[in-house]
2 protein chains.
Amino acid sequence: MELNERMKTILTAVVHRYITTAEPVSSGIIAQKYNLNLSTATIRHEMYLLEKNDYLWQPHTSSGRIPTDRGYRFYVDNLMVKNYLKEKEKREIIQIYKKSKEFEETMRITSQLLSNLTNNIGVVLAPVIYNNIVKNIQFVSVGNNRILTVIVTDTGLVCQKIISVSGEINTDRLSYLSNFINSKLAEKDINITNLNNILMDELDKIISFQEKFNYIHNFLEECFEIGYSENKVYLDGRINIMKHPEFKEIDKLNYILSLIEEENILAATIRGYLGFRKTKIIIGKESKLKEMQNCSLVTSEYRIKGKSAGAIGILGPTRMDYPRMVSIAEYISDKLSEILSEF
Amino acid sequence: MELNERMKTILTAVVHRYITTAEPVSSGIIAQKYNLNLSTATIRHEMYLLEKNDYLWQPHTSSGRIPTDRGYRFYVDNLMVKNYLKEKEKREIIQIYKKSKEFEETMRITSQLLSNLTNNIGVVLAPVIYNNIVKNIQFVSVGNNRILTVIVTDTGLVCQKIISVSGEINTDRLSYLSNFINSKLAEKDINITNLNNILMDELDKIISFQEKFNYIHNFLEECFEIGYSENKVYLDGRINIMKHPEFKEIDKLNYILSLIEEENILAATIRGYLGFRKTKIIIGKESKLKEMQNCSLVTSEYRIKGKSAGAIGILGPTRMDYPRMVSIAEYISDKLSEILSEF
DNA sequence: TTTAGCACTCTCCCTATGAGAGTGCTAAAT
DNA sequence: ATTTAGCACTCTCATAGGGAGAGTGCTAAA
């Protein structure tokens, strides 16, 4: 069924009203607060039709209406008007970002910003690096048979990992290795994902007659695992969700808290929605995760030097101010892209 | 007032019973489950005295008794019997630790172990390094005018920080710097706290006529800030606390959740209790933090190569199984000390 | 000093009741 | 053909009352 203009207006009104009050919306309130010049009876009738088509629902027979997931979806796709941030807010955000010169801190600040601006949970996925081209590899001996491997990629990201080796690797051999590797890197664009295979092949050719230490193999294999490791998640604003009336009941709170506890699951979910469009909105049951039934997630991708790197997310109740969430997500992800590209 | 033996027995019984059931303990239950060969009336009388002395309290006139903070404190100091872990549990813990070869992962595993074993919140403070002696400093150029500074300490800890420099620092100059610094380090034991001052003095002597680049100063100052930075906190088991009936009411949950949200505050609190005794127990209002009113905290120090390094903590409701919490905290901190000393 | 007995208190659960909010439906008005 | 006024109906929520049950405090007897 196609919604007529009046139904769209009423659906929009219900969504807006419900987002601000968290109470079921009655026909009377709509007639009173949104000047549609219609009687409550007429509005009631339209609401009845909207309910029949699964855009609205009632908690009980004689109560007002609440948008369904489908109602929110229709609103988000067809009715909502972007609500750009005020200049003042933008300036404040820039100001806060200026405090940080470090990568880690920038990530932390981003998740804090998200949670503070939205009163929801802010999530930031650290940049993925497996598609980055390796510019440079260096080895630093840090004692006790441990080597710190430092990989620098084309987008300027630095990955570090400490590797324990069984035997002793002396400095000469390490610098020989790093010179060799870096000379190979200069010849072609190797990304972190296939770094391992390509370099191993090359190494095999020379190591076979140069020296027979197996542990160099193992050592390098460990080094190059860097790219595969799960990426860090920065999460802030857990208490924010307790402010929302929908989580007053301990069971619903439990659901969302268990979602947050398992940061990896949340991260994988967000990562799963990456690509295609910059910003995505996942509403309630649209997610396969049962813990997300009562939640919506707004994600937005960020880029480093034009290359897709990671994503930020806003997690809150389905009853969220979508226009504002989207504006914030997009503004923050743009700013983050800029900042990380400058590093 | 001095407690007589019978009062101690009854207090112990009340604590044990309340810890397992979370319900006010009646005189009847004590008479029935703990064979004291006393009538309920006698027990009732003793409980009345215990209440008068603030070891027990009643939620309302005609209900059973609950231990007060003071009651728990007396129990913990005088009555409780350590409850060592079973060999099987110890083996499982060792098994889990074996999976990890990395520092970060070891920390994460520790907080997970704490939360899983105790059904409470597990906290691990990363080692502090300001009192460590600096063995070695190395600089790695990572492009875009950024230098990765790596400091290795006597206890084998590795601190890293990426510094942005305004001008370009070439490789020769960097290696000159690091050679110079490391030669100075070899002469005396310098810990991270006074690293800055001592080295700056030395540098001033030579830099003044060698070269006049101010940014080297700034650069080094930034490098040596590593030691002062707040230490990381690893936290696990947030949902665990929702299982406890004392947090069924959303307000009390709010308190403790806000405590967890501010990891730094929790970390500072734990750090404040460090020293003197290996293991400490803080019960309810004994803490100055109002968020901790309904919680207890068990902390235990760990060491790296004999040197006090950090602490682990268990955070849960005041109604916790103290003997078990203490045993777990001590066992885990010992194991962690061993593992980190081997790194 | 300990205990049996009993009145008393408080919670918890169930039920009833009435007010209030909001709907669905129908018949009249536009 | 739409829209609206009117009204009966439904459901929630807050309040009060009453009875059962748990547990205490007190007193007098053992």
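The structure displayed is predicted, hence computed values, not measured ones. Proteins get letters first, then strands, A, B, ... in listed order; numbering begins at 1 in each.
Applying the ring-ring contact (aromatic ring centres under 6.0 Å, His included) definition to pairs two or more places apart or across chains, none involves residues 240-263 of chain A.
Not counting sequence neighbours, the partners of Lys8(B) by the side-chain contact (heavy atoms from CB on, under 4.5 Å) test are Leu3(B), Glu5(B), Phe74(B), Leu79(B). The salt bridge (Lys or Arg N to Asp or Glu O under 4.0 Å) search around Arg6(B) returns Glu46(B), not counting sequence neighbours. In this view, Ala22(A) and Pro245(A), Arg319(A) satisfy the side-chain contact (heavy atoms from CB on, under 4.5 Å) rule, not counting sequence neighbours. Tyr75(B) is linked by a ring-ring contact (aromatic ring centres under 6.0 Å, His included) to His16(B), counting only residues two or more places apart in sequence or in another chain. Every salt bridge (Lys or Arg N to Asp or Glu O under 4.0 Å) that Lys90(A) has, sequence neighbours left out, goes to Glu87(A).
Remark: side-chain polar atoms of Glu301(A) are not paired, donor with acceptor, to backbone N or O of Arg277(A) under 3.5 angstrom.
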Distance-only donor-acceptor hits, side chain of residues 59-66 of chain A, under 3.5 Å, sequence neighbours excluded:
unit_1	atom_1	unit_2	atom_2	d
Ser63(A)	OG	His60(A)	O	3.2
Arg65(A)	NE	Glu51(A)	OE1	2.9
Arg65(A)	NH2	Glu51(A)	OE1	2.8

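Put simply, the side chain of Leu315(A) does not reach to within 4.5 Å of the side chain of Asn120(A), judged on heavy atoms. Side-chain contact check for Pro67(B) versus Val14(B): some heavy-atom pair is nearer than 4.5 Å. Ile10(A) is listed as a side-chain neighbour of Met47(A), based on a closest heavy-atom distance under 4.5 Å. The closest side-chain heavy-atom distance from Leu117(B) to Ile93(B) is below 4.5 Å. Using a 4.5 Å cut-off on side-chain heavy atoms (C-beta onward), Tyr34(B) and Arg17(B) make contact.
For residues 34-41 of chain A, proximity to DNA chain D is found at Leu38(A), Ser39(A), Ala41(A), defined as any non-hydrogen atom under 4.0 angstrom from a strand atom. Contacts with DNA chain C (heavy atom under 4.0 Å) in residues 57-67 of chain B: His60(B), Thr61(B), Ser62(B), listed by number. Interface residues of residues 9-23 of chain B facing DNA chain C, ordered by number: none; criterion, heavy-atom separation under 4.0 Å.
Residues Arg324(A) and Glu89(A) are paired through a salt bridge, judged by an N-O separation under 4.0 Å between the basic side chain and the carboxylate. With salt bridges taken as basic N to acidic carboxylate O contacts below 4.0 Å, one links Arg238(B) and Glu263(B).
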Practice problem: Could you provide the dot-bracket string of DNA chain D, using ( ) for intrastrand pairs, [ ] for crossing pairs and | for bases paired to another strand, with Watson-Crick or G-U pairs below 3.5 Å? | Solution: ||||||||||||||||||||||||||||||
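Nucleic acid contact for Thr42(B): base, since at least one base atom lies under 4.0 Å from a heavy atom of the residue.
Note that the first and last nucleotides of DNA chain C, 5' to 3', having any atom under 4.0 angstrom from a heavy atom of chain B are dT2(C) to dT11(C).
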